[in-house]
Protein chains: 4
Amino acid sequence: MPKATFLNLAQEKKDLITDALIKHFATKPYHLVDISDVAKECRVAKGSMYQYFENKKDMYFYTIEVAYERFLQLLTKMDMVHVNILDYYENSLESVWNAMKDLRYEYMLLEMAFFSHDSPFKDEINEKFLKQSRDFLVEIIKYNQKQGFIRDDIDPLLIGIFLEGASFYMKKFIIEKALNENNTTTFELDIDYFKDAISQFIKLLKEGIAKK
Amino acid sequence: MPKATFLNLAQEKKDLITDALIKHFATKPYHLVDISDVAKECRVAKGSMYQYFENKKDMYFYTIEVAYERFLQLLTKMDMVHVNILDYYENSLESVWNAMKDLRYEYMLLEMAFFSHDSPFKDEINEKFLKQSRDFLVEIIKYNQKQGFIRDDIDPLLIGIFLEGASFYMKKFIIEKALNENNTTTFELDIDYFKDAISQFIKLLKEGIAKK
Amino acid sequence: MPKATFLNLAQEKKDLITDALIKHFATKPYHLVDISDVAKECRVAKGSMYQYFENKKDMYFYTIEVAYERFLQLLTKMDMVHVNILDYYENSLESVWNAMKDLRYEYMLLEMAFFSHDSPFKDEINEKFLKQSRDFLVEIIKYNQKQGFIRDDIDPLLIGIFLEGASFYMKKFIIEKALNENNTTTFELDIDYFKDAISQFIKLLKEGIAKK
Amino acid sequence: MPKATFLNLAQEKKDLITDALIKHFATKPYHLVDISDVAKECRVAKGSMYQYFENKKDMYFYTIEVAYERFLQLLTKMDMVHVNILDYYENSLESVWNAMKDLRYEYMLLEMAFFSHDSPFKDEINEKFLKQSRDFLVEIIKYNQKQGFIRDDIDPLLIGIFLEGASFYMKKFIIEKALNENNTTTFELDIDYFKDAISQFIKLLKEGIAKK
DNA sequence: GATGAATGAGCTTTCATTCAT
DNA sequence: CATGAATGAAAGCTCATTCAT
């Protein structure tokens with residue numbers, strides 16, 4: 001938890017630091033994040049970072065928490081629990097796209113924190129965030145099965161894993177394509193290509209890859 | 001590339017060192033792999049490791065290369081290119097399972113090297129291995145589409161990503177389950193549970209998640 | 001020497017700060033005393049402490065000076081110089097005990113400042129306080145010898161050292177016993193045990209440890 | 001506990017490092033001992049010190065242990081347990097003096113470690129060394145009381161404290177006198193002054209300070 | 001070639017002190 | 001004057017790499 005010193009800072013400065021932390025922890029593994037780099041980027045003394053936070057781990061967890069909150073805010077806006085998950089993927093193209101645009105680093109950070117091996121705090125993070133997140137997904141799947149939106153002859157947990165994997169790789173592919181095509185920070189990508197890709201993805205999800 | 005000193009070693013010793021390297025790089029992120037640990041495990045002096053290899057990175061790349069070869073050997077045995085990919089997944093349960101058992105560390109290493117963020121050499125690895133691997137998969141998919149084994153109205157690249165993601169998460173789930181259920185190194189898991197899970201997974205892959 | 005800013009403070013606030021400083025320097029070695037802890041305890045900004053004093057060392061020396069004055073005040077009340085030192089130890093049990101109760105932190109601070117190695121200013125302190133304190137004790141001893149209160153066939157300096165050492169360890173033993181038996185700040189100890197211990201101690205002092 | 005790397009070193013080098021550590025920990029409080037200073041003095045890289053020991057605390061405890069052993073070796077030579085404690089002090093002048101000459105830093109280190117406030121490991125040290133040392137002294141006193149060497153109407157614990165305090169201050173006085181009179185490392189002091197001081201000290205111990 | 005001790009750059013963290021408000 | 005955020009030197013510790021034997 002950040003110290004009071006941090007919380008008392010002007011919102012603008014807090015955001016500057018938070019965003020720098022998210023960016024750094026999102027693009028490098030924990031061990032390669034150099035606090036003095038982050039400090040330099042914020043034009044703040046290295047020591048100040050330790051006035052704001054207990055230690056590096058504190059910065060990391062704070063960073064994850066903020067990223068997670070920002071992400072959840074987006075999801076809760078959609079009342080995920082009571083939505084047809086297929087419709088959700090199908091209709092929310094634009095908003096997902098925008099989320100990925102706006103919360104790109106947050107997204108990358110969370111993926112890394114949850115799925116990469118490079119954190120010395122994997123178990124803690126898993127305990128704190130991941131379990132609820134997979135459980136949450138499984139809940140949605142169960143609800144969708146009960147409503148008859150999706151097939152109910154498959155273990156909801158397996159569907160969850162299937163969904164997570166396929167969609168994570170899909171998103172990663174899209175993000176990397178976007179990042180490669182423009183090294184700037186603008187993160188522009190042909191929206192049409194993206195729409196088309198997502199709609200094909202949905203088809204695969206719904207209908208499978210088998211020839212009919 | 002290992003130095004001549006290494007290549008001249010007795011095959012037995014070479015294997016010992018290679019396996020230790022694979023195991024270490026497979027279970028820890030690059031930065032947490034301590035060369036002196038590896039050396040100790042091989043009962044070899046730390047300095048010797050530097051007689052055999054240029055540096056840590058050299059060891060890492062050598063390790064990936066071996067793991068990759070071992071894996072490809074398994075795939076080529078099956079004439080992957082000319083197989084029905086659905087049949088492949090459906091019928092090769094046992095052999096996949098055994099592969100995961102025998103080449104577990106190789107498998108984990110490759111997943112980590114290719115998909116985790118914690119390597120300082122991500123781009124190099126991507127350039128050297130991943131592209132060919134994904135290209136390889138896409139070739140198979142194209143062949144499968146041409147033969148009429150799978151639908152051809154979807155971009156083969158997207159199918160590839162879809163397959164990679166869903167199956168990676170699936171395998172990861174299975175492996176972790178197996179690792180959790182027995183802390184020993186024996187890596188045993190109820191084969192029936194595994195068979196059932198895979199068959200459900202294949203159904204999803206083939207038919208999609210939509211209610212019929 | 002405290003700055004004018006400090007001296008101009010309301011007496012109440014000055015005492016608050018002085019007492020907090022004494023307590024902190026008495027219970028922790030110099031290097032572990034954190035000025036911001038002291039400031040927090042006084043509900044004063046850390047920066048203010050530096051408006052009051054030049055630096056940490058200034059605070060330390062001021063603190064010792066006050067503790068020393070408070071102690072001397074107690075001694076002079078008794079006209080130490082003209083007292084029979086044996087009577088003094090024997091009869092002043094209660095008052096010594098009370099002094100140790102009321103000026104416990106002062107006492108601990110002085111012991112630490114004078115005899116512990118952990119001050120970077122040992123020599124300075126020795127120069128400033130200890131010499132006069134030992135000289136003072138030696139004066140008393142000489143007076144006692146002249147009056148025939150104690151033996152005069154021993155170098156008064158050696159008697160002084162003997163007295164200092166034996167009584168310091170004795171007091172330390174008693175204080176630690178008191179502190180261990182109650183973690184509270186009340187500093188209560190069975191007065192009877194204490195009286196008995198002191199009277200045995202006096203016997204040893206007077207008569208020595210030899211069998212008669 | 002030092003690492004194998006240290007134990008494998010040439011005895012000469014081990015001694016060099018051990019002695020440097022003893023000297024530094026004996027003359028400065030724990031927090032002021034800078035490992036890179038010690039390393040520099042041994043003409044060894046800072047990092048090497050950490051090849052030899054786990055960490056600074058490890059160095060400290062190793063240092064105390066060696067000093068303690070060296071000291072005990074001296075005491076056991078004298079069969080302390082079965083000696084008349086007064087004779088011991090009276091007759092062993094020369095050997096005590098030589099011990100103080102040879103093991104000066106060891107002596108200072110132990111005093112500091114056992115009695116100063118500045119160690120973050122006070123309790124651990126107390127547990128490991130001090131308890132046995134005071135218990136040992138009390139055992140000797142009880143034995144002396146039983147043999148009729150010293151008075152038995154006083155609590156042996158109190159006699160122990162009395163003895164510890166008086167003799168510690170005495171030794172300290174002597175050592176500091178010796179150190180002040182010659183800044184060199186030769187540690188010479190007029191042996192006659194010393195003998196005289198000790199014999200007066202013994203008198204006080206035996207007969208007390210009271211006028212006969 | 002094998003060994004393992006030696007090296008030092010590089011990172012995290014602390015805290016007395018300064019300084020802008 | 002009071003405040004408390006900002007500073008940066010300094011210390012502990014790690015580990016890939018080198019090097020003398």
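By convention in this document, chain letters (A, B, ...) are assigned in the order of the sequence lines, proteins followed by strands, and residues within each chain are numbered from 1. As a basis for the values below, the full set of heavy atoms in this structure was taken, side chains included, without hydrogen atoms, waters or symmetry mates.
- Rounded to a whole Å, the CD1 atom of C:Ile35 is 8 Å from the P atom of E:dT17.
- If you measure from atom OH of C:Tyr30 to atom P of E:dT14, you get 19 Å, rounded to the nearest angstrom.
- With a cut-off of 3.5 Å on both pairing distances, the Watson-Crick or G-U wobble partner of F:dC15 is E:dG8.
- Between C:Ala45 and D:Val33, the residue anchored closer to the 5' end of DNA chain F is C:Ala45, taking for each the nucleotide with the nearest heavy atom.
- Nearest approach of B:Gln51 to B:Lys3, heavy atoms of both residues: O-CD, 3.2 Å.
- Distance NE2 (B:His31) to C1' (F:dT17): 15 Å, rounded to an integer number of Å.
- Atom CG in B:Asn55 sits roughly 19 Å away from atom P in E:dA9 (whole-Å rounding).
- Note: NZ (A:Lys40) to C1' (E:dG10) measures 12 Å, nearest angstrom.
- Although no hydrogens or angles enter the test, the distance criterion places a donor-acceptor pair under 3.5 Å between the side chain of D:Lys56 and the main chain of D:Val33.
- With a 4.5 Å cut-off on side-chain heavy atoms, A:Thr18 and A:Phe6 count as touching.
- The base-pairing partner of F:dA20, taking Watson-Crick or G-U wobble contacts with both distances under 3.5 Å, is E:dT3.
- When heavy atoms are screened at a 4.0 angstrom cut-off, B:Ser36 is found touching no nucleic acid atom at all.
- We find that CG of C:Asp37 is positioned 16 Å from C1' of E:dT17, with the value rounded to whole Å.
- Applying the 4.0 Å criterion to OP1 and OP2 of E:dA2, one finds that B:Tyr52 has a side-chain N or O inside that range.
- Between B:Ala113 and B:Ile125 the shortest heavy-atom distance is O-CG2, 3.8 Å.
- Taking atom NZ of residue B:Lys28 and atom P of nucleotide F:dC15, one finds them 10 Å apart after rounding to whole Å.
- Residues A:Glu54 and D:Met49 each lie close to DNA chain E; by heavy-atom proximity, the contact nearer the 5' end of the strand is made by D:Met49.
- For E:dT3, the base has no donor-acceptor partner in the side chain of B:Lys46 [N/O atoms by modelled type, under 3.5 angstrom].
- Here E:dT3 presents its P atom at 13 Å from CZ of B:Arg43, a figure rounded to the nearest Å.
- Between A:Asn8 and F:dG4 there is no side-chain N or O to OP1 or OP2 distance below 4.0 Å.
- Relative orientation of the A:Tyr60 and A:Phe25 rings is tilted, given thresholds of 30° and 60° on the angle between their planes.
- In terms of phosphate contacts, D:Tyr50 brings a side-chain nitrogen or oxygen within less than 4.0 Å of OP1 or OP2 of F:dC13.
- Where B:Lys56 and C:Gln51 meet DNA chain F, the nucleotide closest to each residue was compared, and C:Gln51 sits on the side nearer the 5' end.
- Each of C:Asp34 and A:Met59 was matched to the nucleotide of DNA chain E holding its nearest heavy atom; the match closer to the 5' end belongs to A:Met59.
- Nucleic acid contact for A:Ser48: base, since at least one base atom lies under 4.0 Å from a heavy atom of the residue.
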